[in-house]
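Numbered from 1 within each chain, the chains take letters A, B, ... in sequence-line order. No experiment lies behind these values; they were computed from the predicted model shown.
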Amino acid sequence: MATGTLYTYPENWRAFKALIAAQYSGAQVHVLSAPPHFHFGQTNRTPEFLCKFPAGKFPAFEGDGGFCVFESNAITYYVNNEELRGSTPEAAALVAQWVSFADSGRVPPASAWVFPIMGITHHNKQATQNAKEEVRRILGLLDAHLKMRTFLVVVCTLLWLYKQVIEPSFHQAFPNFSQFWAVLGEVKLCEKMAQFDA
Amino acid sequence: MATGTLYTYPENWRAFKALIAAQYSGAQVHVLSAPPHFHFGQTNRTPEFLCKFPAGKFPAFEGDGGFCVFESNAITYYVNNEELRGSTPEAAALVAQWVSFADSGRVPPASAWVFPIMGITHHNKQATQNAKEEVRRILGLLDAHLKMRTFLVVVCTLLWLYKQVIEPSFHQAFPNFSQFWAVLGEVKLCEKMAQFDA
Amino acid sequence: MATNFLVHEKIWFDKFKYGDAERRFYEQMNG
């Protein structure tokens with residue numbers, strides 16, 4: 001059972017994956033996400049941090065025994081238990097499949113749709129429209145596959161969307177998602193699709 | 001030991017990962033990449049293909065026992081052996097770390113730099129400059145870490161770069177890469193950094 | 001040959017831009 005410290009900035013959906021996995025596996029994960037232990041933009045540039053985590057990325061995990069790993073999917077794997085990792089090569093391959101599909105298929109359109117609304121990146125009407133259609137396509141594909149299955153890693157990449165833009169009318173078409181939120185606690189689902197406000 | 005069929009288009013660096021892993025594990029992988037068995041853009045739109053591989057993506061693997069998996073990292077995991085998957089949670093977490101780092105940190109700048117040169121996407125001078133600097137940063141980070149280690153998944157994401165733009169003067173600074181090519185056979189390394197030609 | 005296929009590849013070319021913007025956003029948020 002892994003025990004250790006997770007360095008991240010607050011509200012980091014990438015860290016949620018590992019924290020949810022730890023809830024299931026019972027791993028003891030101590031989160032450092034605020035001063036004095038953690039200053040995003042400074043802590044990750046100190047020589048001692050870069051020596052442990054050369055990419056300087058968050059989240060980063062340091063096991064009590066000194067084992068260091070970065071990349072949220074790798075941390076999630078490490079704090080997981082055998083069952084959630086996939087106890088057969090087929091099960092483990094399918095976990096890897098949906099993890100990879102989440103990162104390559106969902107994060108880009110989710111960011112392209114929501115970041116401009118949050119003021120993180122510039123707004124581009126066509127890019128937003130493209131992202132919205134891509135999200136609809138991906139959700140449709142997932143919805144067909146999520147019957148009877150739980151994909152926690154997927155839900156963390158959907159957080160932005162459900163908090164900002166996917167209003168009930170949008171996600172009614174994908175009924176299999178609602179069970180996921182039980183693990184994340186009350187996530188305020190978007191009531192009204194947020195629009196870019198210049 | 002996995003045995004099955006890999007559907008891909010020819011020269012697909014994503015498929016190379018699984019094929020190299022199969023060489024190490026001894027898995028019997030039969031590649032279908034040309035007509036009549038495989039028509040890119042048609043095969044992946046047939047109902048029978050989409051029933052097995054709902055995302056319609058390549059490469060896609062179908063085990064002789066009927067197990068189907070897509071996403072190259074998941075296929076590579078499946079055709080791998082225990083040793084290459086990582087025989088301890090720490091080893092497996094580090095494999096997952098570098099696989100994730102390769103996809104998130106290397107594929108975007110490598111494609112942004114090389115695709116315009118190959119005429120696949122539009123050229124943007126600043127984007128190419130950003131990509132070149134990002135590649136240099138990432139290679140420096142990797143070089144420091146690749147002493148005494150073999151990261152085959154990494155090398156597959158570097159193929160384009162080494163074939164098109166990284167000339168000897170560029171990769172002299174990263175001596176730890178040369179051992180990798182032994183696995184890929186003779187890869188014609190770039191002699192002269194290809195430039196965009198309008 | 002490979003280019004005919006690569007044109008269909010879904011690559012997040014803007015990853016660099018989004019990653020940078022997200023990092024700046026959270027650095028500001030975290031003072």
Query raised in the report: Residues in salt bridge (Lys or Arg N to Asp or Glu O under 4.0 Å) with A:E134, at least two apart?
Result: A:R137, C:K10
Query raised in the report: Does the side chain of A:D64 pick up a donor-acceptor pair with the side chain of A:T3 at under 3.5 Å?
Result: yes
Query raised in the report: Is any residue of residues 65-72 of chain B within less than 4.5 Å of chain A by heavy atoms, and which ones?
Result: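 If one takes a 4.5 Å heavy-atom cut-off, the residues of residues 65-72 of chain B near chain A are B:F67, B:C68, B:V69, B:F70, B:E71.
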**Report entry** Neighbours of chain A found in residues 35-56 of chain B - heavy atoms under 4.5 Å
**Finding:**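 Listed by number, the contacting residues are B:P54, B:A55.
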Report summary line: Correct closest heavy-atom pair for A:A22 and A:V29 would be CB-CG2, 3.8 Å
Query raised in the report: Taking all non-hydrogen atoms of both residues, which atom of B:P10 and which atom of B:S33 are closest, and how far apart?
Result: CD-O, 3.6 Å
Mark yes or no for whether [X], through its side chain, and [Y], through its backbone, hold a donor-acceptor pair below 3.5 Å.
X      : Y      : value
A:E62  : A:A60  : no
A:D143 : A:L139 : no
A:T8   : A:F58  : no

Query raised in the report: In terms of ring plane angle, is the pair A:W98 and A:H145 parallel, tilted or perpendicular, where the classes change at 30° and 60°?
Result: tilted
Report task. Apply side-chain contact (heavy atoms from CB on, under 4.5 Å) to A:L142 and A:R106, showing your working. Result -> CA-CA 11 Å; A:L142 268 182; A:R106 207 176 349 290; 3.4 Å; yes
Requested in this report: Please assess B:N73 against B:K17 for the test side-chain contact (heavy atoms from CB on, under 4.5 Å), listing each intermediate value before the final yes or no.
Outcome: CA-CA 8 Å; B:N73 295 334; B:K17 294 186 266 186; 2.7 Å; yes
Query raised in the report: More than 12 foreign heavy atoms under 6.0 Å from CD of B:Q28: is that the case here?
Result: no
Query - Proximity of residues 117-129 of chain A to chain B, residues having a non-hydrogen atom under 4.5 angstrom - result: none
Requested in this report: Measure from NZ or CZ of A:R85 to the centre of the six-membered ring of A:Y77 and say whether it is under 6.0 Å with the direction within 45° of the ring axis.
Outcome: yes
**Report entry** Audit row: B:F16, B:W13, ring pair (Phe, Tyr, Trp, His ring centres under 6.0 Å) steps and yes/no
**Finding:** CA-CA 5 Å; B:F16 287 158; B:W13 57 271; 8.9 Å; no
Report summary line: Answer key: most heavy-atom pairs under 4.5 Å with chain A among B:A96, B:S100, B:G63, B:S104 is B:S100
